Amino acid sequence: MTEQLPTTFNPAEIEARWYQHWEEKGLFRPERPDAEPFTIVNPPPNVTGSLHIGHALDNTLQDIVVRYERLRGKDALWVVGTDHAGIATQMVVERQLEERQDKRTNYSREEFVDKVWEWKAESGGTITGQLRRLGCSMDWSREQFTMDEHFTKAVLKTFVDLYNDGLIYRDKRLVNWDPKLKTAISDLEVESQNIPGHFWHFKYPLEDGVTLPDGRDYIEVATTRPETMLADMAVAVHPSDERYASVVGKHVVLPITGRKVPIITDEHADPELGSGAVKITPGHDFNDFEVGKRAGIAAGEMLNMLDGDANVCQTADGLVPEEYLGLHRFKRDGVSGARELVVQRLKEQGFLIPHITKTKKGETQELDAEPRTIATPFGDRGGVVIEPWLTDQWYVDAEKLAQKPIQQVKDGTIEIVPQSWEKTFFNWMENIQPWCISRQLWWGHRIPAWFGPKVGKDQKKASPVKINLRADSPPGQIKISTVEPSERVAFVAMTEAEAIAQAKEYYPDNFDVGVGEHDVGVPDMVRLIRDPDVLDTWFSSALWPFATLGWPNESDLLEKHFPNDLLISGFDILFFWDARMMMMGQYNMGKAPWPKLYLHGLVRAADGAKMSKSKGNVVDPLGLIDEYGADALRFFMAAMESQGRDIKMDNERVKGYRNFATKLWNATRFCQSNGIGASSTLAAPEARLAANQWIIGEVQQTVEALDAAMADLRFDAAANTIYQFTWSKFCDWYLELIKPVFAEGASETAATETREVAGWALDQIFVMLHPFMPFITEELWHAQGALNGPENGNPRSEYPIITAKWPNPRANVSKPATDAIDWVIELTSNVRSAKNELGIAPGAKLAAFLPSASELASSTIERSSAAIERLARLTPVTLGEAPDGPAMQVTAGGDVFVIPLEGIIDIAEEKARLKKALEASQKEAKSLEGRLGNANFVERAKPEAVEKAKADFAHHSAEAERLTAALARLG
RNA sequence: GGGCGUAUAGCUCAGUGGUAGAGCACUGUAUUGACAUUGCAGGGGUCGGAAGUUCAACUCUUCCUACGCCCA
């Protein structure tokens, strides 16, 4: 890429080329052993996923920070990798099998897992390729996967350590069961939705002729889930509810099952809700579970009436009638379920209390149930209603692990940006529930626990036959798969061998211990079996900040890059991922994983709706890249990212930033056509000309503003700063100001200086813009380098911009010089504006008189007459009184130019213009006068505010006077 | 029911205790050499409503209204 740039900027043409160059040359992680580290870990996307607009935002922000820090000389490491995403990935592969009329259970576990690995090999590169298209400068040489061998080691170690510390335990309690995926899920994976449903009222007859004070021989209960009455174990009333005090301790006989259940008291029963009496199904409702426990029912005794598919099964007491067995819990695919049958039977038997209501026409109507909106839990992956189900699962004691992170956020060890998220964080962390981490899936990290039969102390020395817990096991051989969970003991270890060793310690000396289901002819042997479940995906990704760096092995890499410096994530995974990294970071590493957590919002559709596949309003970032270029999309994301707000998609704005890239492209072409090439110094060149000093000063201010914005992670402010500088200062003013320097016959010294300064300023733009728009800046950087390259001894063109140096102008610009340019700019704008209002052709050159010139004016007119002529189109400018006759007045600073208008314009129009300006000044002056006349203001306001008001008043009064005089002169 | 957030120009959004800004859109205008993916100029806002604090409120406080999100 030398010689000439094409006349139009084509993003697609340069993007692939530069990305490949960076990656091949290892530029995303240049060797900087002595440099200060800077580390970000990428939230690992699902391995089989593809890039959506949220990834585009998340990764753009991270790349901006990483490129910025790399340019500032740090050893910047952006860890990248993918997540095995247990449920999501298994679902994808199962769906593929379904399409071929096949299913998972047609295969062995090993065969199926192999299929998932095959699928990963096939499609795992999709999203990583897409991240490259976005320009993300991650360290691909160390790409990670949460099921890499070393990662698995980290996961197992964490599990074993937590278990040994009592922070992981097995418990029988209600879990959120997804009957479609047939696995337990955590609280976070449950989404509550309000859906229309019903509230049924039933009569539960009192036993043995007992009656309520009002004579009724039944208790009325209401429920939204009638089918669960098959497993009801009590009726609860509030302890202070007088209506039922006389029957507490008595029993009701449940319709259908005939089960006798007690009437108990519990705070959970709300006297205001329905009849005040509530049916209690401890095995299928979270609240009832707690009520049941308080009533002294152990988890193991709680009745269960559903199987893993949420079909009715027989309860332990065998009281569920035959006709219910096998029915689904409720109507599904048009087929009635247990719910419908229960309602039908109760109605037939007279136990249903109808809901009486009036129609719109005022007629009384009788319904089976009261219509009601019900907050219903759904699995976020499976999409079906979650069933609270009593099972044995592994839990993390999240409450204990949460304590240190809570404190760290409170004491500032971890800063959450924007801070408003702290409250949400505390609210969740301070009420955190045990974290269910076991999943009944095949794809994932298998839990390192091996079960064997529990042995009582007295059995320790007994013969093998006596610890044979089940009749169907041959003597001396114990198959754990036939042992009730409550009769199992777990050996938790990193390896099978360690688990066996533990087991040998546990079992009587004369026992041998092995692993596996079957055993033929080996007596006196305990067969352990590994827990078939896998861990919640988030259990492994919680280790991401250090397991990706090699932990638990110690290394320089880990030492240098942990803790990380910053985490950027969407607020939607604050609890799923961020909080758990805090817990695991603290537990495993003894430290917070990063000192700062930046949370960004969601990218929404143009109408503000959440994007979703079902709504069909998903915007594909790759499509935007194809249309406008990756640089434009990235700049859009940055410019729109203000803290604490979601981003609404706006294609027009992306287009605007594509235009911005084109603007820079053309500005560079202009520079090249005037012999302006690459800079050769990091510091600003020596400059004498005012325009050059001015742009150097502006660069300096821009760098400062940009650094300030980046320090605060104000991506919008950073993007707008570089945008405004490039377009409004550099292109609109500086390039226009220097055009005369390259005119024929102009000073060669001035041209040389200007080439140096312009080339330098352009390079500073490239570097400052590079984190936001890496592709075009790299392209133009090299194009400029080709113009003033190594053949001239310029070292700058030997390295790419990605590893260039962040601007450090160290310039000393003179105030009179920059003031002069600001003055020219003001004069030019005012002249243009006046001409426009008076309908004078913009190109018309006008003579101007300056009756009393300030020092700034006279020296600027002398030194920068070419710029004044070219931009303000005033020529000649005479220092002195204007001849009599109609004229317009234009100001710059305190200087008033008189521009004769004879023959050019209608005097009336100038008078109108002056009058408008006069009114504005008078209004301002009057308001300021009023304020200054207020003693309270003068006495109590800050002195600088008073000073400013005085100065403004003086200015506006003088302006009004001047305008009045000018008007008078026009007659 | 609890918590959080938002409300500023037609649209999308910044913003500060001293009477408001950007981009897009709109209006007018310019076109022989960087750029029409452009230049120049302009119109447009009682900063959601009410009360309070203050010399001064778009900004701070309280309440209200609307919308959105999270949790139960």
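Model, not experiment: these values are computed from the prediction. Residue numbering restarts at 1 for every chain, and letters A, B, ... go by the order of the sequence lines.
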Rounded to whole Å, please give me the gap between [atom1] in [X] and [atom2] in [N].
{"X": "A:M637", "N": "B:C13", "atom1": "CE", "atom2": "C1'", "answer": "15 Å"}
{"X": "A:F742", "N": "B:G33", "atom1": "CZ", "atom2": "C1'", "answer": "15 Å"}
{"X": "A:F425", "N": "B:G3", "atom1": "CZ", "atom2": "C1'", "answer": "16 Å"}
{"X": "A:L624", "N": "B:U37", "atom1": "CG", "atom2": "P", "answer": "20 Å"}
{"X": "A:N194", "N": "B:C69", "atom1": "CG", "atom2": "P", "answer": "12 Å"}
{"X": "A:K948", "N": "B:U16", "atom1": "NZ", "atom2": "C1'", "answer": "13 Å"}
{"X": "A:K729", "N": "B:A22", "atom1": "NZ", "atom2": "P", "answer": "13 Å"}
{"X": "A:E430", "N": "B:C70", "atom1": "CD", "atom2": "C1'", "answer": "16 Å"}

Where the side chain of [X] is concerned, which of [options] is the nearest nucleotide?
{"X": "A:K942", "options": "B:G18, B:A22, B:C55", "answer": "B:G18"}
{"X": "A:D716", "options": "B:A14, B:C69, B:A34", "answer": "B:A14"}
{"X": "A:S642", "options": "B:A14, B:A34, B:U38", "answer": "B:A14"}
{"X": "A:R658", "options": "B:A41, B:A34, B:U37", "answer": "B:U37"}
{"X": "A:N934", "options": "B:C55, B:C35, B:U37", "answer": "B:C55"}
{"X": "A:N659", "options": "B:G43, B:A34, B:U37", "answer": "B:U37"}

**Request:** May I have the step-by-step check of side-chain hydrogen bond (donor to acceptor under 3.5 Å, both in side chains) for A:S921 and A:E924, ending in yes or no?
**Result:** CA-CA 5 Å; A:S921 266; A:E924 276 296 307; over 6 Å; no
Determine, for [X] against [Y], whether the closest basic-nitrogen to carboxylate-oxygen distance falls under 4.0 angstrom.
{"X": "A:D716", "Y": "A:R714", "result": "yes"}
{"X": "A:E837", "Y": "A:K915", "result": "no"}
{"X": "A:K942", "Y": "A:E944", "result": "no"}
{"X": "A:K926", "Y": "A:E929", "result": "no"}

So, does [X] get its side chain near the phosphate of [N], meaning an N or O under 4.0 Å from OP1 or OP2?
{"X": "A:R940", "N": "B:C55", "result": "yes"}
{"X": "A:N427", "N": "B:G2", "result": "no"}
{"X": "A:K739", "N": "B:G33", "result": "no"}
{"X": "A:W727", "N": "B:C35", "result": "no"}
{"X": "A:S833", "N": "B:G42", "result": "yes"}

Identify whether any heavy atom of [X] sits under 4.0 Å from a base atom; if not, whether one sits that close to sugar-phosphate; answer base, sugar-phosphate or nothing.
{"X": "A:N674", "result": "nothing"}
{"X": "A:C671", "result": "nothing"}
{"X": "A:R714", "result": "sugar-phosphate"}
{"X": "A:E736", "result": "base"}
{"X": "A:E939", "result": "nothing"}

**Message:** Applying ring pair (Phe, Tyr, Trp, His ring centres under 6.0 Å), can you list everything that pairs with A:F937, at least two apart in sequence or on another chain?
**Reply:** none
**Those residues that, when tested against A:F425, pass ring pair (Phe, Tyr, Trp, His ring centres under 6.0 Å) (two or more places apart)** = none
**Asked** Do the rings of A:F715 and A:Y598 sit parallel, tilted or perpendicular, given the 30° and 60° boundaries?
**Response** perpendicular
**Item:** Pair A:R669-A:N666, side-chain donor/acceptor within less than 3.5 Å
**Value:** yes
**Request:** Would you tell me whether A:S829 and A:E826 have side-chain atoms, one donor and one acceptor, within less than 3.5 Å of each other?
**Result:** no
Can you check the distance between [N] and [M], where both ends of the measurement are the [atom1] atom (answer in whole Å)?
{"N": "B:G45", "M": "B:C40", "atom1": "C1'", "result": "24 Å"}
{"N": "B:G21", "M": "B:U8", "atom1": "C1'", "result": "10 Å"}
{"N": "B:G10", "M": "B:G48", "atom1": "P", "result": "13 Å"}
{"N": "B:U46", "M": "B:U19", "atom1": "C1'", "result": "11 Å"}
{"N": "B:A56", "M": "B:C70", "atom1": "P", "result": "43 Å"}
{"N": "B:C71", "M": "B:U12", "atom1": "P", "result": "27 Å"}
{"N": "B:G43", "M": "B:A7", "atom1": "P", "result": "27 Å"}
{"N": "B:U61", "M": "B:G1", "atom1": "P", "result": "25 Å"}

**Message:** Can you say whether a donor on the side chain of A:K663 sits under 3.5 Å from an acceptor on the base of B:C35, or the other way round?
**Reply:** yes
**Request:** State which residues pass side chain to side chain donor-acceptor pair (under 3.5 Å) with A:R913; sequence neighbours excluded, sorted by chain then number.
**Result:** A:E910
**Asked** Is A:K663 close enough and on-axis enough to A:Y723, meaning under 6.0 Å and within 45°, for cation-pi?
**Response** no
What side-chain donor-acceptor pairs closer than 3.5 Å can you find for residues 649-662 of chain A, not counting sequence neighbours?
residue: A:D650; atom: OD1; partner: A:E652; partner atom: N; Å: 3.1
residue: A:D650; atom: OD1; partner: A:R653; partner atom: N; Å: 3.4
residue: A:R653; atom: NE; partner: A:Y657; partner atom: OH; Å: 3.4
residue: A:T662; atom: OG1; partner: A:R658; partner atom: O; Å: 3.1

**Message:** Closest-nucleotide mapping onto RNA chain B: is A:S420 or A:D952 further toward the 5' terminus? I mean the 5' end.
**Reply:** A:S420
**Asked** Want to settle it: does A:F9 or A:M640 sit nearer the 5' end of RNA chain B, counting the closest nucleotide to each?
**Response** A:M640
**Asked** According to the Watson-Crick and G-U wobble definition with distances under 3.5 Å, which dot-bracket string, read 5' to 3', encodes RNA chain B, using [ ] for crossing pairs and | for pairs with another strand?
**Response** (((((((..((((....[..)))).(((((.......))))).....(((((..]....)))))))))))).
**Prompt:** Which ones in residues 644-657 of chain A lie close to RNA chain B, meaning a heavy atom under 4.0 Å from one of its atoms?
**Reply:** A:R645, A:K648, A:R653
